[in-house]
Amino acid sequence: MERRSFLKKAAAGAGAGVVAAPALAQGQPTINWRLASSFPKSLDTIFGAADIFIKRVAQLTGGKFNIRSFAAGEIVPGLQVMDAVQAGTVEIGHSASYYYFGKDSTFAFDCAVPFGLTSRQHTAWYDQGGGRELTRAFFKDYGILNFLGGNSGTQMGGWFRKEVKTVADLKGTKMRVGGFAGKVLERLGLVPQQLAGGDIYPALEKGTIDAAEWVGPYDDEKLGFYKVAPFYYAPGWWEAGASFSFYVNIKEWEKLPKEYQAAIEVATYEAHVVMQAEYDAKNPAALARLLKNGVKLRNFPKDTMDACYKAATDVMNEEAAKNAKFAKIYEPWKRFRQDQNQWASVAEATMQNYLISAGRGGK
């Protein structure tokens with residue numbers, strides 16, 4: 001009898017839960033937002049992160065919180081997404097923060113700086129190493145709340161019409177390269193050009209630029225750079241782990257129910273993780289296809305890497321000396337990078353280097 005009574009009460013409790021859940025969902029408002037992306041739809045891995053985010057937000061809110069994505073140029077140009085969020089033209093954006101380097105070099109820490117953190121290291125810095133607090137304090141002045149929005153992993157060094165044999169070969173080269181890298185390479189005689197993703201191929205094809213970097217094999221193949229510039233260089237030392245971001249207008253954020261805010265937190269993190277996984281899975285096959293199409297894979301010469309490293313260190317130290325906001329992030333960031341690289345050298349790098357060697361015929 002006692003067991004039957006217990007089961008009856010448990011069933012009644014479960015039934016009450018079933019009734020309560022829809023009642024809770026019905027009590028929440030229906031909200032519609034617009035998301036402006038800095039990227040074209042053809043870049044399904046980067047642009048697709050916004051779609052992953054949007055679908056998860058809708059699922060987590062019972063279809064009450066709906067966000068519609070717009071590709072670069074549909075509402076605002078790709079390089080004006082942050083401005084659109086700040087102005088309230090859209091409630092949310094998806095972009096790469098180093099695009100806004102011209103406003104303040106500090107933006108680059110939210111994405112990538114030369115000889116910076118790898119994808120995992122950046123996520124660790126943002127989530128556990130103080131990066132979230134530091135970057136959000138900076139973005140607050142722009143009325144924006146920033147969230148992790150994907151990572152490309154270590155990028156390629158780009159496509160060149162002519163081979164780079166020494167650092168001197170960079171002199172006079174007009175190259176599409178964003179953020180801090182352009183400022184560093186300028187010291188070595190290169191002429192940096194900042195272009196949104198969809199504008200790179202036409203400029204390279206017409207000869208307006210001599211070289212261009214974008215992301216890596218999967219995206220670069222889609223954009224067709226190999227058709228007009230045969231030399232493909234590695235590594236992209238300016239983007240050891242380029243992190244993308246979702247920007248939310250703070251005033252709009254504060255209007256959201258707590259449950260909807262939580263949905264954004266969860267969905268942005270999922271989109272962040274999935275993007276990196278997609279790139280890791282898709283890049284190997286894409287590189288193999290590029291090589292079959294006659295692409296000439298090269299590593300930057302050591303003298304070029306050494307010159308770039310010195311120039312990057314000089315530029316960042318100079319920036320820290322004149323920009324207090326930059327210095328506030330740079331100093332703790334440097335310590336984090338040093339600790340991470342020391343740890344990586346102990347186990348992970350050793351293991352990875354061995355496996356690479358073994359795969360090439362080692363025993």
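No hydrogens, no waters, no symmetry mates; every other heavy atom, side chains included, goes into these values. Since the structure is predicted, the reported quantities are computational estimates derived from the model, not experimental observations.
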Donor-acceptor check, side chain of [X] to backbone of [Y], threshold 3.5 angstrom: yes or no?
X	Y	result
His94	Gly149	yes
Asn151	Gly241	yes
Ser38	Ser95	no

Are the charged groups of [X] and [Y] less than 4.0 angstrom apart, N to O?
X	Y	answer
Arg335	Asp339	no
Glu74	Lys41	yes
Arg289	Glu221	yes
Lys334	Glu331	yes

Are [X] and [Y] close enough that some pair of their side-chain heavy atoms sits under 4.5 Å apart?
X	Y	value
Asp314	Arg187	yes
Pro114	Tyr309	no
Met156	Glu213	no
Glu252	Lys255	yes
Val90	Ile75	yes
Trp238	Cys308	no
Glu319	Ser105	yes
Asp83	Tyr100	yes

>> Could you go through Arg68 and Trp33, starting from their C-alpha distance and side-chain angles, then the distance that decides it, and tell me whether this counts as side chain to side chain contact (heavy atoms under 4.5 Å, CB included)?
In response: CA-CA 6 Å; Arg68 183 181 175 190; Trp33 275 13; over 6 Å; no
I'd like to know if [Y] and [X] are part of one continuous hydrophobic network [Ile/Leu/Val/Met/Phe/Trp/Tyr, side-chain heavy atoms within less than 4.5 Å].
X	Y	result
Leu148	Phe244	no
Val177	Ile200	no
Tyr269	Tyr126	yes
Tyr98	Val76	yes

> Looking at residues at least two apart in the chain, or sitting in another chain, which of them share a ring-ring contact (aromatic ring centres under 6.0 Å, His included) with Phe109?
Replying inline: Phe326, Trp333
> Hey, are Gln155 and Ser152 close enough side-chain-wise for a donor-acceptor pair under 3.5 Å?
Replying inline: yes
Any residue meeting side-chain contact (heavy atoms from CB on, under 4.5 Å) with [X], in chain and number order, not counting sequence neighbours:
X	answer
Asp104	Thr106, Phe107, Phe138, Tyr142, Asn323, Lys325
Leu170	Phe160, Val164, Val167, Leu185, Leu188, Leu190, Thr304
Val191	Lys174, Gln193

N/O donor-acceptor pairs under 3.5 Å from side chains in residues 127-136, not counting sequence neighbours:
residue: Asp127; atom: OD1; partner: Arg132; partner atom: NH2; Å: 2.8
residue: Thr135; atom: OG1; partner: Gly131; partner atom: O; Å: 2.8
residue: Thr135; atom: OG1; partner: Arg132; partner atom: O; Å: 3.4
residue: Thr135; atom: OG1; partner: Asn146; partner atom: ND2; Å: 3.1
residue: Arg136; atom: NE; partner: Asn146; partner atom: O; Å: 3.0
residue: Arg136; atom: NH2; partner: Asn146; partner atom: O; Å: 3.1

Atom [atom1] of [X]: over 12 foreign heavy atoms under 6.0 Å:
X	atom1	value
Gln352	CD	no
Glu318	CD	yes
Lys171	NZ	no
Lys328	NZ	no

Atom pair [atom1] ([X]) and [atom2] ([Y]), whose distance is rounded to the nearest 0.5 Å:
X	Y	atom1	atom2	result
Tyr247	Leu145	OH	CG	12.0 Å
Ser245	Phe147	OG	CZ	10.5 Å
Tyr330	Arg337	OH	CZ	6.0 Å
Arg34	Asn66	CZ	CG	14.5 Å
Gln86	Ile250	CD	CD1	10.0 Å
Ile92	Ile264	CD1	CD1	5.5 Å

>> How close do Pro301 and Thr166 get, counting heavy atoms only, and between which atoms?
In response: CG-N, 4.3 Å
> Of all heavy-atom pairs between Ala108 and Phe180, which one has the smallest distance, and what is that distance?
Replying inline: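 Heavy-atom minimum between the residues: CB-CD1, 4.0 Å.
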>> Phe65 vs Gln59, test: side chain to side chain contact (heavy atoms under 4.5 Å, CB included). Steps then yes/no.
In response: CA-CA 9 Å; Phe65 189 4; Gln59 290 171 344; over 6 Å; no
Output side-chain donor-acceptor pairs under 3.5 Å for residues 44-55, partner residues at least two apart or in another chain, one line each.
residue: Asp44; atom: OD1; partner: Tyr218; partner atom: OH; Å: 3.2
residue: Asp44; atom: OD2; partner: Tyr218; partner atom: OH; Å: 2.9
residue: Asp51; atom: OD1; partner: Ser69; partner atom: OG; Å: 3.3

> How far apart are the C-alpha atoms of His272 and Thr123, what are their side-chain angles, what is the distance that settles it, and do they pass the side chain to side chain contact (heavy atoms under 4.5 Å, CB included) test?
Replying inline: CA-CA 9 Å; His272 175 72; Thr123 299; 2.8 Å; yes
>> Using the ring pair (Phe, Tyr, Trp, His ring centres under 6.0 Å) definition, which of the options Tyr232, Tyr201, Phe231, Trp214 pairs with Trp159?
In response: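 Per the ring pair (Phe, Tyr, Trp, His ring centres under 6.0 Å) rule, the option paired with Trp159 is Tyr232, out of Tyr232, Tyr201, Phe231, Trp214.
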